[in-house]
There are 2 protein chains.
Amino acid sequence: MFSKACEYGIRASIFIAEQSLLDRKVSLKDVAEAIESPSAYTSKILQRLSKSNIINSDKGPTGGFSMDKSELEKVKLSSIVYAIDGDTVYNGCGLGLKRCNADKPCPVHNQFKVIRDELKKMLETTTVKTLAMDFEKGLTFLKR
Amino acid sequence: MFSKACEYGIRASIFIAEQSLLDRKVSLKDVAEAIESPSAYTSKILQRLSKSNIINSDKGPTGGFSMDKSELEKVKLSSIVYAIDGDTVYNGCGLGLKRCNADKPCPVHNQFKVIRDELKKMLETTTVKTLAMDFEKGLTFLKR
DNA sequence: TTTATATTGGATATTATTGTCCACTATTTA
DNA sequence: TAAATAGTGGACAATAATATCCAATATAAA
Ligand code: FES
Ligand code: FES
């Protein structure tokens, strides 16, 4: 569904968001431990998220990663997925033809469209804030 | 969503099914050309489908690949996906945790479950025969 | 202004996936 | 039974994705 990089990206964002709700900055190490991911690889992903203005990053001592509490509910899953995996989820064809194209549809186009529209809707209506709040409450897990 | 191998596998199955409806066996070359795939790689995939009893293969001159017309409507997309990609579509976690597990859910588990159930339903109710018939009518395309 | 800390960015390594090559086997037909 | 044909299987190659290493940069605090 998503690339591994994207999965890490979403998990990292949720963790950073949750900690930001508690007014805490987190270090790369914190993130990697919280989501159980290889830290150097995670670093690259956080850079992408930072450049896409999804998270903030500050260098130096007292530095770390954070998200603006006020903007938290504006960050949708779709932004994160787009920042890391691009638009393949939105425009890719289920059977691997160049692009999904309703004018020259692949055999599963109609069936696939239903799923993808559902997925789009989910990505565009789910905010990182709500996911972070559930995580904060201990209802969900970022590692196992 | 699916691996490239799986995409080729589905496309190949639809082509073989369509030709079988017309009582024609097809060669590896035929398949590769019809679905625009690398033929040696496609060969491996057809072997997997053959071993999973989804398609028939016959050696020697007059050999080739085919599907039993009578069993065609029993072949669901889910069988093909399972034969090639295994059960990751069914049991994988949307955020990459070891396995999807409702008892210790990842943050998107509930949202993801909706999508996956829809996908499952689609894979389990779509038969290769109907896809092949639409393709036969020129309504859909296996390459572009 | 020195030191310590934390992210950044580039190079490189590893692994999985995708793709190729070729000799071998089975089978049909002449 | 010889020759031609078509799939099989194993080894190998190329590419993409994932992961690591380390020197450089920025910044805060002493
Ligand atoms: S053309 Fe394949 S999914 Fe739309
Ligand atoms: S636990 Fe992640 S999708 Fe179910």
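Throughout, a chain's letter reflects where its sequence line sits, starting with A, and its residues are numbered from 1.
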*Quick one: the dot-bracket string of DNA chain C, using Watson-Crick and G-U wobble pairs with both distances under 3.5 Å, [ ] for crossing pairs and | for bases paired to another strand.*
||||||||||||||||||||||||||||||

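Here C:dT7 presents its P atom at 13 Å from CG of A:Asn56, a figure rounded to the nearest Å. For the pair B:Phe65 CZ and D:dT5 P, the computed distance is 17 Å after rounding to whole Å. Across the protein-nucleic acid pair, B:Leu46 atom CG and D:dT8 atom P stand 8 Å apart, rounded to whole Å. Atoms CD1 (B:Ile35) and P (C:dG19) sit 11 Å apart, rounded to a whole Å. Computed from coordinates, the A:Ile16 CD1 to C:dA6 C1' distance equals 14 Å when rounded to whole Å. Computed from coordinates, the B:Arg48 CZ to D:dG9 C1' distance equals 14 Å when rounded to whole Å. Rounded to a whole Å, the CD1 atom of A:Ile45 is 15 Å from the C1' atom of C:dG9.
Looking only at atom types and distance, the side chain of B:Thr88 has no donor-acceptor partner in the side chain of B:Asp85 under 3.5 Å away. At a cut-off of 3.5 Å, with distance as the only test, no side-chain donor of A:Asp134 or A:Thr140 sits close to an acceptor on the other residue. No hydrogens or angles considered: nothing links the side chains of B:Ser20 and B:Ser66 as a donor-acceptor pair under 3.5 Å.
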*Summarise protein proximity over nucleotides 15-30 of chain D in one line of letters, 5' to 3': B for base, S for sugar-phosphate only, - for none, counting protein heavy atoms closer than 4.0 Å.*
---BBB----BBBBS-

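Counting all heavy atoms, side chain and backbone alike, B:Lys143 lies closest to A:Leu97 at CA-CD2, 4.1 Å. What you find for A:Pro107 and B:Ile14 is that their closest heavy atoms are CB-CD1, 3.5 Å.
Note: B:Arg11 CZ to B:Cys6 SG = 11.5 Å, rounded to the nearest 0.5 Å. Note that the CG atom of A:Asn56 and the CD atom of A:Glu71 stand 8.0 Å from one another [nearest 0.5 Å].
Between B:Gln47 and D:dG7 there is no side-chain N or O to OP1 or OP2 distance below 4.0 Å. For B:Lys25 and C:dT28, the shortest distance from a side-chain N or O to OP1 or OP2 is not below 4.0 Å. Under 4.0 angstrom from either OP1 or OP2 of D:dT5 there lies no side-chain N or O belonging to B:Ser27.
Counting non-hydrogen atoms of neighbouring residues, nucleotides and ligands closer than 6.0 angstrom, the CZ atom of A:Phe141 exceeds 12 such neighbours.
The pair A:Asp117-A:Lys121 fails the salt-bridge criterion, with no side-chain N (NZ, NE, NH1 or NH2) lying under 4.0 Å from an Asp/Glu carboxylate O.
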